[in-house]
Novice: 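Attaching a single structure in structure tokens format; questions to follow.
The structure presented is a predicted model; accordingly, all values stated were derived computationally and were not measured. Position 1 is the first residue of the sequence; numbering continues from there.
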Amino acid sequence: MGARFEELAWRETPIGAISLRRRRDPALDVDVYEVKLDDDFLMSSLFPVAEIELARLGLAPLARGDLDVAVGGLGLGFTARTVLEDDRVASMLVVEAVEDVVDWHRRGLLPFAAGLAGDPRTRFVRADFFAAVAGGAGLDPEHPGRRFDAVLLDVDHSPRNVLHPSHAAFYTWDGLRRLAACLRPDGVFALWSDDPPDAAFTEVLARVFAAVEPHVVRFPNPLTGGESANTVYVAHTPV
């Protein structure tokens, strides 16, 4: 293994083997950090735009300060890092199922996420986000029933393409109602998706929230030389 490629971390988990890799892209002259689950690519530092916009779009509807934010899924840290760049944020709870992912940040393996783990506003919880919501006690095990101004979620590929079958129930009316119980009365739920806007899922969100908007986030793709797009759903004010 030379300087062009390095596997920084690897661990078997209940949903598969997760790994963090760094490779040098000679065409772009950059180091690329990638996360894989078995043979499936989950995320790449080449494409952070939609993860960043998940935080920006999710916090935009909130017109106050001292925000308490929960982030489901840490990954490479682009969403969480962007949350902390908002001066209105008083606290950020990161719910991550794989302890190794948190360890990547604590060990400083991801230079573009520097400072995330050490920020006094950050607290990590090792938990299955979906199981925590379904259990009814909420996302913060130290404070059952705690409510947040915003919950930002980036775990599955999309509501229809989940990493584990147990996640599917979350994207139903009942699952989203449980999520809404984790929010303050005018709180925001924002969700990243790799798929185009899903009309059926948007309708389910609209049964739970007063305002729902799927945002198509477009960004240049240096691998294809063209453009790619993700979706960020923003749902505001549980009904």
Side-chain angles (χ1 to χ4, degrees), residues 1-13 15-58 71-86 94 96-119 152-164 190-198 214-233:
M1 186 180 300
R4 289 276 299 274
F5 177 88
E6 184 179 5
E7 187 171 75
L8 301 175
W10 183 95
R11 177 66 62 88
E12 192 71 49
T13 77
I15 60 174
I18 193 165
S19 61
L20 173 66
R21 322 182 324 163
R22 181 196 60 80
R23 63 177 176 85
R24 188 70 183 177
D25 189 311
L28 300 173
D29 194 28
V30 296
D31 285 332
V32 180
Y33 292 80
E34 297 167 328
V35 180
K36 293 183 68 179
L37 184 66
D38 291 330
D39 293 325
D40 193 11
F41 281 92
L42 295 185
M43 58 195 71
S44 168
S45 61
L46 278 179
F47 310 108
V49 175
E51 286 85 350
I52 291 170
E53 287 303 305
L54 173 61
R56 291 177 176 167
L57 291 168
V71 175
L74 176 57
L76 294 176
F78 287 107
T79 298
R81 180 69 258 175
T82 306
V83 167
L84 294 176
E85 291 172 359
D86 191 318
V94 179
E96 172 56 56
V98 181
E99 181 64 29
D100 291 63
V101 176
V102 175
D103 187 56
W104 301 343
H105 291 269
R106 287 178 170 152
R107 291 165 57 195
L109 297 181
L110 302 165
F112 45 81
L116 191 164
D119 193 294
L152 315 176
L153 178 60
D154 178 5
V155 174
D156 292 316
H157 294 302
S158 74
R160 294 182 183 272
N161 186 5
V162 297
L163 296 181
H164 192 273
L191 171 72
W192 177 92
S193 172
D194 193 36
D195 289 348
D198 184 319
H215 298 262
V216 176
V217 180
R218 304 186 185 278
F219 50 90
N221 187 326
L223 299 181
T224 65
E227 187 179 68
S228 294
N230 297 149
T231 301
V232 174
Y233 297 90

Novice: Mind listing the closest non-hydrogen atom pair of Gly58 and Ala190 along with its distance?
Specialist: CA-CB, 3.8 Å

Novice: Could you go through Phe41 and Val35, starting from their C-alpha distance and side-chain angles, then the distance that decides it, and tell me whether this counts as side chain to side chain contact (heavy atoms under 4.5 Å, CB included)?
Specialist: CA-CA 6 Å; Phe41 281 92; Val35 180; over 6 Å; no

Novice: How about Arg160 and Asp198: do any of their side-chain heavy atoms sit closer than 4.5 Å?
Specialist: yes

Novice: Identify whether the distance between the nearest side-chain nitrogen and carboxylate oxygen of Asp29 and Arg24 falls below 4.0 Å.
Specialist: yes

Novice: How long is the gap from CG on Leu28 to CG on Leu46, to the nearest 0.5 Å?
Specialist: 6.0 Å

Novice: For the residue pair Pro48 and Phe112, establish whether any side-chain heavy-atom pair is separated by less than 4.5 Å.
Specialist: no

Novice: State which residues pass side-chain hydrogen bond (donor to acceptor under 3.5 Å, both in side chains) with His157; sequence neighbours excluded, sorted by chain then number.
Specialist: Asp40

Novice: Considering only heavy atoms from C-beta outward, does the side chain of Trp192 approach that of Leu153 to under 4.5 Å?
Specialist: no

Novice: How far does CG of Leu42 sit from CG of Leu163, to the nearest 0.5 angstrom?
Specialist: 6.0 Å

Novice: Nearest 0.5 Å, what's the CZ-CG distance between Arg11 and Asp103?
Specialist: 8.5 Å

Novice: Give the table of side-chain donor-acceptor pairs shorter than 3.5 Å for residues 72-85, with sequence neighbours excluded, one pair per line with atom names and distance.
Specialist:
from: Thr79; atom 1: OG1; to: Glu51; atom 2: O; distance (Å): 2.7
from: Arg81; atom 1: NH1; to: Ala114; atom 2: O; distance (Å): 2.9
from: Thr82; atom 1: OG1; to: Phe78; atom 2: O; distance (Å): 2.7

Novice: Indicate yes or no: at least one non-hydrogen side-chain atom of Val32 is less than 4.5 angstrom from one of Ser44.
Specialist: yes

Novice: Mind checking what makes side-chain contact (heavy atoms from CB on, under 4.5 Å) contact with Glu227, not counting sequence neighbours?
Specialist: Arg218

Novice: Is the backbone N or O of Trp10 less than 3.5 Å from a side-chain atom of Ser19, with the two atoms forming a donor-acceptor pair by type?
Specialist: no

Novice: Considering only heavy atoms from C-beta outward, does the side chain of Ser228 approach that of Phe219 to under 4.5 Å?
Specialist: yes

Novice: Could you go through Asp38 and Lys36, starting from their C-alpha distance and side-chain angles, then the distance that decides it, and tell me whether this counts as salt bridge (charged side-chain N to carboxylate O under 4.0 Å, His left out)?
Specialist: CA-CA 6 Å; Asp38 291 330; Lys36 293 183 68 179; over 6 Å; no

Novice: Apply side chain to side chain contact (heavy atoms under 4.5 Å, CB included) to residues Trp104 and Leu8 and explain how you reach the verdict.
Specialist: CA-CA 9 Å; Trp104 301 343; Leu8 301 175; over 6 Å; no

Novice: Is there side-chain contact between Glu34 and Arg23, with heavy atoms separated by less than 4.5 Å?
Specialist: yes

Novice: Could you give the distance from CG (Asp154) to CG (Asp194), rounded to the nearest 0.5 Å?
Specialist: 9.5 Å

Novice: Check whether any side-chain heavy atom of Arg106 lies under 4.5 Å from a side-chain heavy atom of Glu99, and answer yes or no.
Specialist: yes

Novice: Within this structure, what is the OH-OG distance for the pair Tyr233 and Ser158, rounded to the nearest 0.5 Å?
Specialist: 7.5 Å

Novice: Does a side-chain N-to-carboxylate-O contact under 4.0 Å join Arg21 and Glu6?
Specialist: no

Novice: Determine whether Ser193 and Asn230 make a side-chain contact, defined as any pair of heavy atoms from C-beta on separated by less than 4.5 Å.
Specialist: no

Novice: What is the distance from atom CD of Glu96 to atom NE2 of His105, rounded to the nearest 0.5 Å?
Specialist: 8.0 Å

Novice: Applying side chain to side chain contact (heavy atoms under 4.5 Å, CB included), run through Leu20 and Leu110 and close with a yes or a no.
Specialist: CA-CA 10 Å; Leu20 173 66; Leu110 302 165; 4.0 Å; yes

Novice: With distance as the sole test, does Asp156 use its side chain to make a donor-acceptor pair with the main-chain N or O of Pro159 at under 3.5 Å?
Specialist: no

